[in-house]
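Presented below is the structure to which this report refers.
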Amino acid sequence: MTLNMIRPGNKCKVTSVRGSGSTYQRLLEMGLIPDTELQVVRFAPLGDPMEIRLMGYHLSLRKKEAAMVEVAHG
Amino acid sequence: MDSSSFSGSLAVVGNPNTGKTTLFNALTGLSQKTGNYPGVTVEKKTGTIRLANGQFEALDLPGTYSLAAASPDELVVPSVLHGIQEGAKPVSAILVVADATSLHRNLYLVSQLMELNLPMIMALNMVDLAKESQIVIDLPELSRRLGFPVIATHATRSGGLVELREAIGRVFSQDPPAEPGLFSDFAETRDQLTSDLSGKCKTPIPPTMIFRALFDERGHTARHLKEIYGEDILQDLLTRRAELTEEHGKLIELETRVRYTWIRKLLRDVVSHPELKVVTRSERVDKVLTHKLWGPVTLLIVLTILFQSIYSWAGPLMDLIEGQVGNLGTWIGSFLAEGMLKSLVVDGIIGGVGAVLVFLPQIVLLFFFVAILEDCGYMARAAFLLDRVFSRVGLSGKSLIPLLSSFACAIPGIMATRTIESRADRLTTILVAPLMSCSARLPVYVILISAFLPEKKVLGVFGLQGLVLLMMYMVGIVIAVPVAWLLKRKLLQGNLPPFLMELPSYKIPSSRTVGIRVYQSASAFVKRAGTTIFAVAVLVWALAYFPRPESVRQEHANQRVEATAQRHEARLALLFDYAQDRFPQGTDEQALESILRADKELAGLLDGSMADGTAELTRVVSSWKSLDADYAVAISAIDREEDGAYLRTSYIGRAGQLIEPVVAPLGWDWRIGMAAIASFPAREIIIATLGVIFNLGSDQDESSAELQGALRSAERSDGSPLFNIPVALSIMIFFALCAQCAATLVTIRKETGGWRWAVFSFTYMTTLAYLAAFVVYQVTSALGWGA
């Protein structure tokens with residue numbers, strides 16, 4: 001299951017991040033590393049991007065980027 | 001201030017949205033200087049901190065989440081900190097600003113900074129917001145574990161500033177914190193490589209920079225080091241990196257895992273979060289502002305106010321500046337004799353620079369709103385709401401405000417792109433911003449539409465004139481879509497950073513931050529108007545003024561002499577007729593006497609020493625006066641004809657004739673071509689230029705019925721009308737897409753750090769404008785609209 005499939009309000013835990021390049025690097029640096037817990041807050045009115053909450057802050061990312069993050073229900 | 005008098009240089013570093021710039025402003029006040037680092041679109045901001053024990057230079061570095069560069073622009077922060085950035089002095093201490101509400105993530109950068117072997121202090125900002133979320137931080141313990149002072153500061157109020165200033169005073173004599181030693185496995189490789197490579201270079205390479213180069217998989221750092229230290233080092237770096245990747249897997253994965261593990265351990269028992277998460281005020285506000293319905297509604301209201309301000313509220317101020325500039329020109333002109341100097345000062349300098357200064361109110365108002373929206377945190381929400389729209393063309397929601405502002409004026413729009421961190425996005429936005437129809441194009445549209453398009457209804461409801469005006473605004477937007485897509489995807493493709501954007505907590509904007517932002521953008525603009533734009537204005541003035549051939553002067557001097565002679569003759573005839581009717585004639589003496597008496601009577605009535613005369617005399621006086629009025633009209637017609645003749649024979653006029661074959665396919669003759677060239681400093685100049693070309697004088701505006709009439713009756717050399725609907729449309733479409741605005745090009749140069757992109761903008765826009773004008777003219781002519 002990837003992060004873009006989680007419904008707003010639900011919590012999950014990162015299991016792995018796939019990919020390469022600057023998006024991959026930035027995702028990890030922003031704290032999306034294995035075992036990080038996060039909550040999906042909402043999707044933008046036009047359906048993309050999405051807002052998540054992790055480590056006490058709010059992050060907006062596009063679904064395409066969220067699809068790189070493998071998660072499990074936590 | 002001589003830089004040698006500084007006792008040290010303090011780099012202010014931190015994640016974006018930590019209130020870093022607000023703190024920097026509070027510490028340095030108005031002593032700030034802004035510039036660009038050579039070759040990149042990164043703003044360089046320095047200021048002075050005055051303390052009891054000396055004054056220190058402070059450097060506000062761009063907000064960053066990591067020292068690992070994801071793009072060439074992001075290399076500025078690590079390069080400055082390592083003392084290898086061109087145009088920056090070595091750093092002697094670091095002030096890291098961290099957000100207390102998300103300390104976990106903030107410490108990632110801190111752990112990297114601790115490896116630099118520089119004295120450090122931390123300002124733990126937003127402790128008030130952390131308290132609101134019931135986050136408790138054991139400050140002394142945090143400071144003990146990190147090994148350097150940590151000072152708590154408030155997000156908006158000046159809490160903690162006194163303590164922070166004291167800590168800054170001590171930091172330069174402080175020891176660097178102990179390195180966390182997270183990558184001791186790599187230390188040997190790093191040190192080995194450092195000594196190997198340093199042998200090949202004149203100056204030693206900082207070991208931590210070698211470390212960064214090893215971990216930077218896409219090689220930005222390695223390429224940067226190659227530029228500084230030479231080709232030799234690259235191969236060694238690549239070999240070692242390949243070896244390390246072989247052994248440890250993805251190095252960035254390793255780095256983030258190791259650092260976050262260290263952070264988790266460091267913060268254990270230092271930070272405690274509440275059992276149940278507290279819903280913050282910011283989250284409650286966001287339930288409305290990013291709501292599926294209320295979010296877009298609020299955004300629409302905010303944008304309406306923004307536009308109302310730059311379109312309408314700035315209007316009276318702009319009129320005021322325009323009036324004052326006009327008055328200044330008249331006033332200074334009154335001290336100067338008619339001639340070259342007067343024309344240079346009044347038309348060239350005051351007129352040229354004034355035409356640009358008029359935009360100052362729009363810039364001040366826009367930056368006032370942008371600074372507030374950004375500082376309070378709403379800008380990130382606007383980007384969140386509309387990102388989908390912009391992502392279609394490869395941009396992000398952050399391009400919204402710059403592009404919308406460009407409808408008022410591209411200059412503040414381009415300056416507002418500073419809020420876009422990604423270089424490719426920012427450049428693309430800068431390059432398409434001038435395609436938005438700015439307010440300077442409106443006069444061009446208005447005069448041509450009202451002169452050539454009939455006031456008829458289309459489909460029974462829409463006025464044709466209004467529809468054409470709307471089309472002119474739409475054409476820029478429609479063209480901008482493929483242009484942005486091409487630029488982003490094809491030209492700047494090596495550089496597609498992600499859209500990972502933090503949505504910071506809302507806060508009350510700091511009046512100091514807003515004030516400094518407005519002041520800096522206004523003063524940068526005025527400075528530019530006084531230098532480059534001034535030079536362009538003078539150059540175009542000179543091209544339109546010289547060479548002033550003697551033959552033109554002689555011809556018009558002769559015309560004036562002739563007009564004067566004609567008036568003289570008519571006056572004498574009047575006098576003779578009156579004398580003959582009124583006084584006895586007969587002998588020559590009597591006739592002469594009668595003329596002298598008539599002259600005396602007439603003079604007495606004209607200069608007011610005689611109260612009134614007979615009905616006959618009054619009639620003569622009124623004829624006399626109307627002769628004078630006719631004379632004045634004739635002379636001013638000659639003056640305008642002369643101005644027009646000078647312009648037609650000027651260098652610009654000759655250039656217009658030279659390019660006539662080029663502009664002929666657009667339906668233009670050399671006069672329109674010349675007006676287009678002359679309007680290079682600013683588009684609206686075309687109206688004044690057309691006024692001069694058609695001998696109406698330069699004081700024409702878009703509502704001038706006289707100019708509209710002159711345009712309608714202008715003829716080509718074969719007697720056919722010069723303007724018709726296809727020609728008017730072709731001119732409008734050209735002006736909608738061209739880059740005829742020196743101030744915009746100068747701004748692009750300033751914001752991108754070189755002429756390259758300014759030249760690119762001018763070239764692509766002019767090409768586009770030419771092609772569009774060509775197609776519009778040819779198609780509408782073929783459709784028979786010209787008949």
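In what follows, chains carry the letters A, B, and so on, assigned in the order in which the sequence lines appear, proteins first and then strands, with residues in each chain numbered from 1. Remember, predicted model here, so these are calculated numbers, not experimental data.
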* With a 4.5 angstrom heavy-atom cut-off, could you sort out which part of His273(B) is near chain A: side chain, backbone, both or neither? => neither

* **Under 4.5 Å from any heavy atom of chain A - which part of Ala68(B)** => both

* To do: Measure distances from Phe384(B) to the heavy atoms of chain A and classify the residue's part below 4.5 Å as side chain, backbone, both or neither.
  => both

* Asked: Are a donor atom and an acceptor atom from the side chains of Arg62(A) and Ser391(B) found within less than 3.5 Å of each other?
  -> no

* Do Ser60(A) and Met501(B) come close enough that some side-chain heavy atom pair is under 4.5 Å? -> yes

* Residue pair Tyr260(B) / Leu28(A): nearest heavy atoms and the distance that separates them -> CE1-O, 3.6 Å

* **Structural part of Asp286(B) lying under 4.5 Å from a heavy atom of chain A** => both

* May I ask you to name which of Pro34(A), Gly56(A), Gly47(A), Ser20(A) has the most heavy-atom pairs under 4.5 Å with chain B? => Gly56(A)

* Which portion of Leu59(A) sits near chain B, non-hydrogen atoms under 4.5 angstrom -> both

* Can you name the nearest heavy-atom pair linking Phe43(A) to Lys292(B), along with the distance? -> O-NZ, 3.6 Å

* Asked: So which heavy atom on Ser66(B) is nearest to which on Glu29(A), and how close?
  -> OG-OE2, 2.8 Å

* Considering all heavy atoms, the nearest Ile252(B)-Tyr24(A) contact -> CG2-CE2, 3.4 Å

* To do: Please state whether the side chain, the backbone, both or neither of Leu54(A) comes within less than 4.5 Å of a heavy atom of chain B.
  => neither

Show every donor-acceptor pair shorter than 3.5 Å between a side-chain atom in residues 13-20 of chain B and any protein atom, with sequence neighbours excluded, or say none if there are none.
{"residue": "Asn15(B)", "atom": "OD1", "partner": "Arg105(B)", "partner atom": "NE", "Å": "3.3"}
{"residue": "Asn15(B)", "atom": "OD1", "partner": "Arg105(B)", "partner atom": "NH2", "Å": "3.2"}
{"residue": "Asn15(B)", "atom": "ND2", "partner": "Thr64(B)", "partner atom": "O", "Å": "3.0"}
{"residue": "Thr18(B)", "atom": "OG1", "partner": "Asn15(B)", "partner atom": "O", "Å": "2.9"}
{"residue": "Lys20(B)", "atom": "NZ", "partner": "Asp60(B)", "partner atom": "OD1", "Å": "2.6"}
{"residue": "Lys20(B)", "atom": "NZ", "partner": "Leu61(B)", "partner atom": "O", "Å": "2.4"}

* Determine yes or no for a side-chain-to-main-chain donor-acceptor pair under 3.5 angstrom, with Glu51(A) supplying the side chain and Leu503(B) the backbone. => no

* To do: Just jot down the side chain to side chain contact (heavy atoms under 4.5 Å, CB included) partners of Met1(A), sequence neighbours excluded, or say none.
  => Met5(A), Ile6(A), Val71(A), His73(A)

* Contact summary for Leu385(B) and Leu46(A), nearest pair of heavy atoms -> O-CD1, 3.9 Å

* Engaged part of Glu253(B) at the chain A interface, taking heavy atoms whose separation is under 4.5 Å -> both

* Which portion of Ser396(B) sits near chain A, non-hydrogen atoms under 4.5 angstrom -> both

